[in-house]
Amino acid sequence: QVQLVESGGGLVQAGGSLRLSCVASGRTFSDFAMGWFRQAPGKERDFVAAISWSGRSTNYADSVKGRFTISRDNAKNTVYLQMNSLKPEDTAVYYCAARLTLYETRMPDEYDYWGQGTQVTVSS
């Protein structure tokens with residue numbers, strides 16, 4: 001059984017930074033493309049960023065492009081989301097997701113496994 005555990009969320013002031021981590025277990029990490037999604041209260045789960053199995057291909061939502069960076073370390077079974085220049089509208093629960101294929105996608109329905117989420121709150 002694949003498990004994904006996120007960490008690194010918290011409360012930060014606007015303009016600040018956070019780095020989220022997601023550790024995977026239960027299967028060879030390089031079998032998966034990985035994604036980050038977020039869900040604000042009363043809203044749908046939105047795509048944030050995704051990365052291919054090798055890390056060579058990445059994809060970002062327009063709202064975070066230039067501020068967020070997704071990366072992965074296959075030796076540590078971990079995917080990261082570096083978030084800079086945070087805005088109050090970035091406040092949400094952030095979820096890590098794994099897709100049992102080589103290449104990433106923006107579509108949440110195409111991911112096979114999900115973490116429990118980590119709260120990110122950005123104060124103005």
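Predicted model, so just to flag it, every value in this text is computed and none were measured.
Using a distance-only test at 3.5 Å, with no hydrogens or angles considered, a donor-acceptor pair links the side chain of Arg106 to the main chain of Tyr60. One N or O on the side chain of Arg67 and one on the backbone of Ser85 form a donor-acceptor pair closer than 3.5 Å. A donor-acceptor pair under 3.5 Å is absent between the side-chain atoms of Asn74 and the main chain of Ser30, judged by distance alone. Here the side chain of Ser52 pairs a donor or acceptor atom with the backbone of Ser57 at under 3.5 angstrom. Of the possible donor and acceptor atoms, one in the side chain of Thr118 sits under 3.5 Å from a partner among the backbone N and O of Gly9. In this structure, the side chain of Glu6 engages the main chain of Gln116 through a donor-acceptor pair within 3.5 Å. Here the side chain of Tyr111 pairs a donor or acceptor atom with the backbone of Thr105 at under 3.5 angstrom. Judged purely by atom type and a 3.5 angstrom limit, Arg99 uses its side chain to pair as donor or acceptor with the backbone of Tyr103.
Linking Ile, Leu, Val, Met, Phe, Trp and Tyr whenever their side-chain heavy atoms come within less than 4.5 Å puts Leu100 and Phe29 in one cluster. Cluster membership check: Ile51 does not share its hydrophobic cluster with Val23, using side-chain heavy-atom separations under 4.5 Å among Ile, Leu, Val, Met, Phe, Trp and Tyr. Linking ILVMFWY residues whenever their side-chain heavy atoms come closer than 4.5 Å, directly or via other members, places Trp114 and Val93 in the same cluster.
Note on Lys87 versus Asp90: no salt bridge recorded, every NZ/NE/NH1/NH2 to OD/OE distance being 4.0 Å or above.
Gln82 and Ser71 share no side-chain donor-acceptor pair at under 3.5 Å. Counting only N and O atoms by type, the side chains of Asp73 and Thr78 include no donor and acceptor under 3.5 Å apart. For the residue pair Arg38 / Tyr94, a side-chain donor-acceptor distance below 3.5 Å is found, with atom types taken as modelled.
Of the candidates Leu81, Asn59, Ile70, Leu20, Val48 forms a side chain to side chain contact (heavy atoms under 4.5 Å, CB included) with just one, namely Leu81. With Met83 as reference, Val120 is the one residue of Val120, Val122, Val12, Thr69 to meet the side chain to side chain contact (heavy atoms under 4.5 Å, CB included) rule.
Within the 4.5 Å cutoff, the side chain of Tyr95 has no heavy atoms near those of the Pro108 side chain. Side-chain atoms of Phe68 and Trp36, non-hydrogen and from C-beta on, never get closer than 4.5 Å to each other. Proximity of Val79 to Phe32: side-chain heavy atoms (C-beta onward) are nowhere separated by under 4.5 Å.
Here disulfide (SG to SG under 2.5 Å) pairs that include residues 34-64, with residues two or more places apart or in two chains, number zero.
From Met107, atom CE reaches atom CZ of Phe37 across 8.5 Å, with rounding to the nearest 0.5 Å. Put simply, CZ on Arg19 and OG on Ser7 are 9.0 Å apart, with the number rounded to the nearest 0.5 Å. Here Gln13 contributes atom CD and Thr121 contributes atom OG1; the two are 13.0 Å apart, rounded to the nearest 0.5 Å.
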